[in-house]
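For reference, the structure discussed in these notes is given below.
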Amino acid sequence: MTHMFAFSALRGRRFSVRLSLIAAAVLVAGIAMLVGIDDAAAQQARPGVPIVTDPYGAVGGAVPGDALGNTSDAQFWRQIRRGAPGTVSIPNAQAGVLIRSEGDNWRAWRNGPVTVYGAWVLLGTIGLLALFFALRGRIRIDSGPSGRTVERFNGVERFAHWLTAVSFILLALTGLNLLYGRNTLLPVLGNEVFAVLTQAGKYVHNYVAFAFMAGLVIMFVLWVRDNLPNRYDLIWLAKGGGLFTKGVHPPSKKFNAGQKIIFWLVILGGLSLSLSGIALLFPFQFSFFAATFKVLNVFGLDLPTQLSPTMEMQLSQLWHAIVALFMIAVIMGHIYIGSIGMEGAFDAMGTGRVDENWAREHHSIWLEEVRQAGAGEGAERRQPAE
Ligand code: HEM
């Protein structure tokens, strides 16, 4: 009995010790919390000492009375757009920028002037070609077809041309879909069909680009010599290439001045398209614009040479679209004159042989050269068209 009493007395004492320990801990925590709250309240209340240090805004930008926090609206949006250093704990400090002003500007340019003026340029070109066709009609072989032909482009030349041409047309169609599809095809085709088409188009665009680049290189090697300027070019240009008058066209070698312009636009425009396309295909790997601006600044310009990787991408996209739209307009003119616009022209790239009278009217010096070289000896006779 005595034992039992002693045991329960011991248990009671241990229990009260534990209780007092818990009470002490709660007391300490409570005091700590009170001190903490007090301290924060003191900071909030202390005038002129903002808790968030804003690297961009003035200290005086704090809202009076802290009714809306201690950051003014202007400071708040500045931080959202430029990022507040120190607030991002992951390695990518760019993630601290919640709204990119450059991105806003880029989208405004892409969906604004580039798209709108681009559409006007393309529709305007179609309109001008239609007007030219209506006024001038098909440019005929004035002396009629002779029935004798002369080789104009061999197999390798035609291969290079059609490789470049077919890939360019595929790139143009799939590229135009990326820029205009959402506003034109999507409402007609519906979401599912448009999504499948655009996804496939994107792959076509990415891969066919390499065929286009290969075509450009071969065409450049084959034709660069014949596209160097010579004295006949000025006469040809002065007479408007004879496009607006009937009769004999100004003399020219293998390529006339108009064709040389097309050639160089295709080569230089194609190079620029390729470089900006590669920058888009392999994101954030190149700084073509910073490098180009550095060169241009030598001529007294004051272009920025420190561009963020994102800005490089934005400029690549805008430039790619602008050059592509311009080239599509130029190539529409080329396709017109190489097909329905001029009798006898398509044969040059179709069969590789042209009628002698066509050659005399459009490339008189070249025809002479071919004859002198004896290359025209194999000229075939064929029945003139009835
Ligand atoms: C259906 C589309 C096309 C047709 C019918 C066409 C037709 C022709 C023809 C007939 C010629 C030879 C002209 C001559 O005998 O002097 C030619 C030349 C040429 N083509 Fe095309 N072409 C087409 C598309 C393209 C495309 C897409 C490009 C480049 C992106 C291109 C670039 C060239 C170049 C650089 C030349 C040599 C310079 C010139 O004649 O203007 N062609 N084309």
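Whatever order the structure lists them in is the order used to number ligands and atoms, beginning at 1.
- Donor-acceptor pairing under 3.5 Å is lacking for the side chains of D355 and T149.
- There is no path of hydrophobic side-chain contacts, each under 4.5 Å, that joins F286 to L307.
- Here the shortest heavy-atom distance to atom 10 (C) of ligand 1, taken over S167, G352, A345, belongs to A345.
- Between the side chains of N177 and T198, at least one donor-acceptor pair of N or O atoms lies under 3.5 Å.
- Within 6.0 Å of the CG atom in N154, the count of heavy atoms belonging to other residues, nucleotides or ligands exceeds 12.
- Looking at atom 15 (O) of ligand 1, its nearest protein heavy atom turns out to be R152 NE, 2.8 Å.
- For atom 35 (C) of ligand 1, the closest heavy atom belonging to the protein is M219 CE, 3.6 Å.
- Note on ligand 1: H362 sits outside its first shell, no heavy atom being nearer than 4.0 Å.
- A donor-acceptor distance shorter than 3.5 angstrom exists from the side chain of E361 to the backbone of D142, with no hydrogens or angles considered.
- Salt-bridge check for D233 with K260: passed, with a basic side-chain N closer than 4.0 Å to an acidic carboxylate O.
- Looking only at atom types and distance, the side chain of E343 has no donor-acceptor partner in the side chain of W358 under 3.5 Å away.
- Here atom 21 (Fe) of ligand 1 has protein N, O or S atoms under 2.8 Å from it, and they come to 2.
- Scanning the protein heavy atoms around atom 12 (C) of ligand 1, the nearest turns out to be F153 CE1, 3.6 Å.
- In the vicinity of F168, heavy-atom distances shorter than 4.0 Å reach the ligand 1 atoms 27 (C), 30 (C).
- Here the closest non-hydrogen pair linking A257 and W236 is CB-CE3, 3.6 Å.
- With E102 contributing its side chain and T310 its backbone, the two residues share no donor-acceptor pair below 3.5 Å.
- The shortest heavy-atom distance from W162 to ligand 1 is under 4.0 Å.
- Contact atoms of ligand 1 toward F346: 5 (C), 10 (C) (distance under 4.0 Å to a heavy atom of the residue).
- At a threshold of 4.5 Å between non-hydrogen side-chain atoms, the residues I261 and L265 count as touching.
- Of the candidates E369, E368, E157, E151, E157 is the only one forming a salt bridge (charged side-chain N to carboxylate O under 4.0 Å, His left out) with K254.
- Between the side chains of W366 and S252, no donor N or O sits under 3.5 Å from an acceptor N or O.
- Of the protein's non-hydrogen atoms, the one nearest atom 34 (C) of ligand 1 is W223 CZ3, 4.0 Å.
- Under a 4.0 angstrom heavy-atom cut-off, W358 registers as being in contact with ligand 1.
- The A348 neighbourhood of ligand 1 comprises atoms 15 (O), with distances under 4.0 Å to a heavy atom of that residue.
- Any N or O atom pair closer than 3.5 Å counts here, and Q259 shares at least one such pair with ligand 1.
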